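Have a look at the structure below before the remarks.
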Amino acid sequence: MKLVFLGAPGAGKGTQAKRLVEKYGIPQISTGDLLRAAVAEGTPLGKEAKAYMDRGELVPDSVVLGMVKERLSQDDCKKGFILDGFPRNVAQAEALDKMLSEMNMPLDLALNLDVPFDDLMKRLTGRRTCKSCGQMYNIYYSPSKVEGKCDKCGGELFQRDDDKEETIRKRLEVYRAQTEPLIDYYSRKGILKSVSGTGSIDEIFNSICTILEKKAN
Ligand code: AP5
């Protein structure tokens with residue numbers, strides 16, 4: 001299954017993508033995670049990206065497209081992939097179509113996680129992530145048993161630099177202006193499905209699996 005995850009910041013794309021990786025054994029390609037790794041390593045690309053990320057703006061397409069192309073050409077993507085946080089605007093979507101057509105791997109599905117805007121701020125300000133294993137928590141909805149420590153591995157939990165209220169507002173603005181139009185883009189291509197992203201993580205996951213299984217048959 002070759003899948004694009006759409007949805008506003010905080011809609012739960014990363015949470016659901018990780019569950020799909022476990023169930024279907026296909027890789028999650030998160031441009032946000034790839035960029036954060038480059039920032040942490042202090043590479044030239046990471047240094048360039050950080051300023052944009054801290055402002056809640058999109059990193060230039062030229063930076064992101066090269067990164068995605070390189071990742072998609074790795075062997076583990078041949079059986080499918082989940083693109084999480086990419087594409088983010090129409091230019092990226094068109095570039096992705098071109099890339100995948102050259103690789104002879106057209107997209108099967110664009111899955112939009114639909115969450116009311118009012119819920120997103122709380123999800124994002126409350127998000128905490130484990131430094132060691134990447135497990136995600138939320139201080140309001142799904143806190144760890146011991147504050148600041150991961151239930152799975154005991155690692156330290158951190159808050160993302162861009163999960164500050166002011167930066168979140170900017171990210172949501174950028175989403176509305178640049179990313180939301182992709183719902184129409186994929187709808188016109190006939191590969192869009194929308195799922196409600198409210199309710200329990202399990203319920204949403206089950207709805208997603210039902211769609212994927214219907215698509216596969
Ligand atoms: P990125 O890392 O992609 O962030 P995002 O799109 O803003 O998405 P998030 O990771 O914030 O949210 P999510 O939908 O994955 O939600 P999650 O599952 O974590 O991008 C960051 C930055 O990198 C961008 O601003 C940009 O600068 C740059 N960038 C990235 N890709 C780019 C690109 N292609 N082009 C240009 N720039 C790019 O869940 C959020 C919280 O909610 C968690 O705490 C979780 O536990 C909780 N939660 C999840 N589901 C539920 C539920 N059902 N009920 C209650 N809580 C829930």
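Values in this document were obtained by computation on a predicted structure and should not be read as measured data. FYI, side chains are in, hydrogens and waters are out, and symmetry mates aren't considered; it's all heavy atoms of this structure. Every number for a ligand or one of its atoms is a count from 1 in the order of the listing.
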inquiry  = Is a donor from one side chain sitting under 3.5 angstrom from an acceptor on the other, for Tyr185 and Asp97?
reply    =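 Yes, a side-chain donor-acceptor pair sits under 3.5 Å.
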
Would you say the side-chain atoms of [X] pair up with the backbone N or O of [Y], donor to acceptor, closer than 3.5 Å?
X	Y	result
Gln16	Ile201	yes
Asn138	Tyr140	yes
Lys79	Gly25	yes
Gln159	Thr125	yes
Lys164	Asp161	yes

Could you name the option among [options] that has the heavy atom nearest to [atom]?
atom	options	answer
atom 1 (P) of ligand 1	Arg19, Arg88, Lys13, Met53	Arg88
atom 7 (O) of ligand 1	Arg171, Lys50, Glu203, Gln135	Arg171
atom 10 (O) of ligand 1	Arg160, Lys170, Gln178, Arg55	Arg160

Is the shortest distance from a Lys or Arg side-chain nitrogen in [X] or [Y] to a carboxylate oxygen in the other one below 4.0 Å?
X	Y	result
Asp84	Lys13	no
Arg171	Asp162	yes
Asp119	Arg123	no
Arg55	Glu173	no
Asp184	Lys189	no
Lys170	Glu166	no
Arg19	Asp202	yes

Provide the number and element of each atom of ligand 1 under 4.0 Å from a heavy atom of [X].
X	value
Thr15	17 (P), 18 (O), 39 (O), 45 (C), 49 (C)
Gly14	13 (P), 15 (O), 18 (O)
Gln92	33 (C), 34 (N), 35 (N), 36 (C)
Tyr137	44 (O), 46 (O)
Gly85	31 (N), 32 (C), 33 (C), 34 (N)
Glu57	26 (C), 27 (O)
Leu124	11 (O)

inquiry  = Both conditions, 6.0 Å and 45 degrees, for the charged tip of Arg71 above the ring of Phe81: are they met here?
reply    = no

Less than 4.0 Å is my threshold; does some heavy atom of [X] fall inside it relative to ligand 1?
X	result
Arg36	yes
Gly199	yes
Gln16	no
Ala11	yes
Gly10	yes

Check: [X] N/O within less than 3.5 Å of ligand 1 N/O:
X	result
Gly12	yes
Asp33	no
Asp84	no
Ser30	no
Arg128	no
Val64	no
Asp163	no
Val59	yes

ask   = Should Asn89 and Asp61 count as side-chain neighbours, where that means a heavy-atom distance under 4.5 Å?
value = yes

key: 4.5 Å side-chain heavy-atom contact, Tyr141 and Ser200   =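 No, their side chains stay 4.5 Å or more apart.
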
For [atom], the protein heavy atom that lies nearest, with its residue and separation:
atom	result
atom 29 (N) of ligand 1	Leu35 CD1, 3.5 Å
atom 32 (C) of ligand 1	Thr31 OG1, 3.6 Å
atom 56 (N) of ligand 1	Tyr141 CD1, 3.6 Å
atom 47 (C) of ligand 1	Asn138 ND2, 3.9 Å

Backbone, side chain, both or neither: what part of [X] comes under 4.0 angstrom of ligand 1, heavy atoms only?
X	result
Ala8	backbone
Leu113	neither
Arg127	both
Arg123	both
Ile204	side chain
Val174	neither
Asp162	side chain

query = Only one of Met136, Lys131, Arg128 forms a side chain to side chain contact (heavy atoms under 4.5 Å, CB included) with Leu157, so which one is it?
reply =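 Only match with Leu157 under side chain to side chain contact (heavy atoms under 4.5 Å, CB included): Arg128.
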
query = So with a 6.0 Å cut-off around CD of Glu213, is the heavy-atom count from everything else above 12?
reply = yes

message = Are more than 12 heavy atoms, taken from residues, nucleotides or ligands other than Lys193, located less than 6.0 Å from that residue's NZ atom?
response =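 Not more than 12 within 6.0 Å, no.
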
